Amino acid sequence: MEYSEKVMERYNNPQNVGGLDDNDKNVGTAVVGAPSCGDVIKLQIKVDERGKISEAKFKAFGCGAAIASSSLITEWIQGKNLADACGIRNQDVAEYLSLPPVKAHCSVLAEEAVSGAIKNYKEKNGI
Amino acid sequence: MSEIYLDYQATTPCDSRVVDEMLPYFNEEFGNPHSVNHAMGRRAKEAIEKARSQVAELIGATDPKEIIFTSGATEANNLALQGVARFHRAKGKRIVISEIEHKCVLETGYALEREGFEIIKIPVSKKGVVDLRLLEESVNDRAILVSVMTVNNEVGTIQPIEEISDICRQKGVLFHTDAAQAVGKITVEASRTDLMSISGHKIYGPKGIGALYVQLKPRVRLSPVLFGGGQERGMRSGTLPTPLCVGLGKACEIAGQEMENEQARLTEFRECFLKTIFDNLKKVYLNGDVEHHIPGCVNLSFDGVEGESIMLGIPGICISSGSACTSEILEPSYVLKAMSIRDDLAHSSLRIGFGRFTTNEEVAYAANQIVEVVNKLREMSPLW
C-alpha cells in the first residue's frame, strides 16, 4: 500500500500511545472494530473540570492507516471541548492523511472511537 | 542493508545463466520456429525442441512432445481446466478441485460453473492438506477432472499427489496438478498425473512463459482455448517466443542440477529464521504443514499485530501478507480461511520466501528486524 508522508510519520512515531485509568470517572473509553476484521482501536479520553479533553490515548491493532488515523485524531481532540471533538468527521482525517479510498474505513473507525469514548464519559457522569 | 528480497513465491529473479542463454534468440537467432523451410527457422525450432526436452526431463515426462508451451501457469491452468471440460463435456460435468487452489484455477472453475459445469471444492485440514476421503467421495461417474495443486503458494504445504493420483487412476478420471510452486523445488513425477502446469518465473526463468504437460500415453485429449495456426499439436496456437522457451528450458536444467543443494540451503535458512523468531517472540504460529512443505516458504501469524503494519515497519524487506489490508478487496487470505485459521491470525500473517540468491546475513537481518517491529507494534496493540 502506498501511503502519504503524513501516514508514515505517524506510523513511525505515533503520538499518544498508551492508556488511562478506566476507574477514573473523568475517563471515557471506547473499543471499536473487531479482531476478525483486522482493525481494533481502543481510545481513551480524560475530561477536565472545564469540560475539555485534557488527555487522549490510544492503542491500535491494524494497518498503517488505522494507526495513523488513531494517532491523528488523539492529537486533534486534545484541548477541545466535547462538542468540538465530536464534530471532527472521518472525512477530515482521511483528507488530512490522504488515505487511499480503500482505507477510508480506518478513519471511520477513529471517528467512532472518539464518539464512543465521549459517550462512555457522559454515561459515567450521568450527562 | 538497503533492500532484501524474500518473496520468492511471488516471483524469482531471472538467473543470469538463463538470461545468457536467451539473449541470442532476441536479435541474432530470431527466426520463426515454425518456418521450418529455411535454416534460420529450423535453428529456432531446434532451440525450442531442446528447451522442451529440458522441461520434460525435470518433471520426468517420457516424451518431450508432452510439453505444451504457454504464456505461464495461469494459461496452462486455464487450458487444462477449460480444455478438458470442453472436450469431455459429453462424458460428465463435474470437476473436483481444492479450496486452496490458486485464483487462476478457482476463477476458471467459476467461469465453467457459469457454463453449466459442476465445480466441487474439497476442503483442507488445518495444515492445508486436502481431505482425501471427501475427494474420493466426490469423484463420481459424472466427474471428468480432478485438479489439485502440488504445492500451495501461500503456505507451502505439499499435497498428497500420489494418493490423489491413485484415486483418479482407479476411478478413470483425469488428474491435473498446478505445480507452479513445486517444479524445480521438489521432485515431481509427471507420470503420476495427466496434466501438469509449470511456471517459468517461479524457477528463475523469465516471466511470460510456462508449460502444460499433457500426457501422450494414454493420450489426454483437450480442446484448445487459443485458435490459430495449430502450433503445439493444435492445443495452443501462436508463434512460440523462442527466447522465453529457451529461458524456461535452461531454468529447468539448472533447477534439476541444483535442486538437492538448494533444498539443503533453504532448509537451513528456514530453521535459522524460525529459531530467531521463536526464541524472541511468544505467540507466533506457523501456518502450514511442518512435515510436508517446501523448504523455502515460511508462513507465520504474529498474534496481536496486523500483517501490513509489520511490513510497513520493515520497508527494505520484500515479503507478503495474508492480511486483508494488503489486498484491494479487504478480505483476508482465503487459503488461511480454508485452513480454519482464526480471522485475526490471518490478518496477522506474513509469508517469507527464501530462494537461490538469499544469503545467511539476509535471513538473520530479516528475522531480527521482524522481531523488533513486532515487539514495537505489540506495545501499542489493544489485543496484546
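By convention in this document, chain letters (A, B, ...) are assigned in the order of the sequence lines, proteins followed by strands, and residues within each chain are numbered from 1. Please read all numbers here as calculations on a predicted model, not as lab measurements.
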Visitor: Report, by ascending residue number, the residues of residues 373-384 of chain B in heavy-atom contact with chain A at a distance under 4.5 Å; give 'none' if the set is empty.
Guide: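 Expected list: B/V373, B/K376, B/L377, B/E379, B/M380, B/S381, B/P382, B/L383.
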Visitor: Pick one of side chain, backbone, both or neither for A/C106, based on which atoms fall under 4.5 Å of a heavy atom in chain B.
Guide: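 Neither part.
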Visitor: With a strict 4.5 Å heavy-atom criterion, list every residue of residues 45-53 of chain A that contacts chain B, or say none.
Guide: none
Visitor: Only pairs at least two apart or in different chains count here, so list each side-chain hydrogen bond (donor to acceptor under 3.5 Å, both in side chains) that has a residue in residues 276-285 of chain B.
Guide: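 Output for this query lists B/K275-B/D279.
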Visitor: Does any backbone or side-chain atom of A/V40 lie under 4.5 Å from a heavy atom of chain B? Answer side chain, backbone, both or neither.
Guide: both
Visitor: Please determine which of B/E306, B/H347, B/M311 meets the side-chain contact (heavy atoms from CB on, under 4.5 Å) test together with A/C63.
Guide: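 Considering B/E306, B/H347, B/M311, a side-chain contact (heavy atoms from CB on, under 4.5 Å) with A/C63 is found only for B/E306.
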Visitor: Has A/E123 got more than 12 heavy atoms of other residues, nucleotides or ligands less than 6.0 Å from its CD?
Guide: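 Yes, enclosed.
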Visitor: Does A/K119 have more than 12 heavy atoms from other residues, nucleotides or ligands lying within 6.0 Å of its NZ?
Guide: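 No, not enclosed.
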Visitor: Can you measure from CG (B/L312) to CG (A/N12) and round to the nearest 0.5 angstrom?
Guide: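 With rounding to 0.5 Å, CG (B/L312) is 8.0 Å from CG (A/N12).
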Visitor: Other residues, nucleotides and ligands only: do more than 12 of their heavy atoms fall within 6.0 Å of NZ on A/K42?
Guide: no
Visitor: How many angstroms lie between OG in B/S309 and CZ in A/F61, if you round to the nearest 0.5 Å?
Guide: 7.5 Å
Visitor: Tell me, side chain or backbone of A/P100 under 4.5 Å from chain B's heavy atoms, or both, or neither?
Guide: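 Neither the backbone nor the side chain of A/P100 comes within 4.5 Å of chain B.
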Visitor: Which one wins on heavy-atom pair count under 4.5 Å against chain B: A/P14, A/G64, A/C37, A/G19?
Guide: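 Maximum pair count with chain B is reached by A/C37.
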Visitor: Residues two or more places apart in sequence or in another chain: which of them pass side-chain hydrogen bond (donor to acceptor under 3.5 Å, both in side chains) with A/T29?
Guide: A/D22, A/Q44
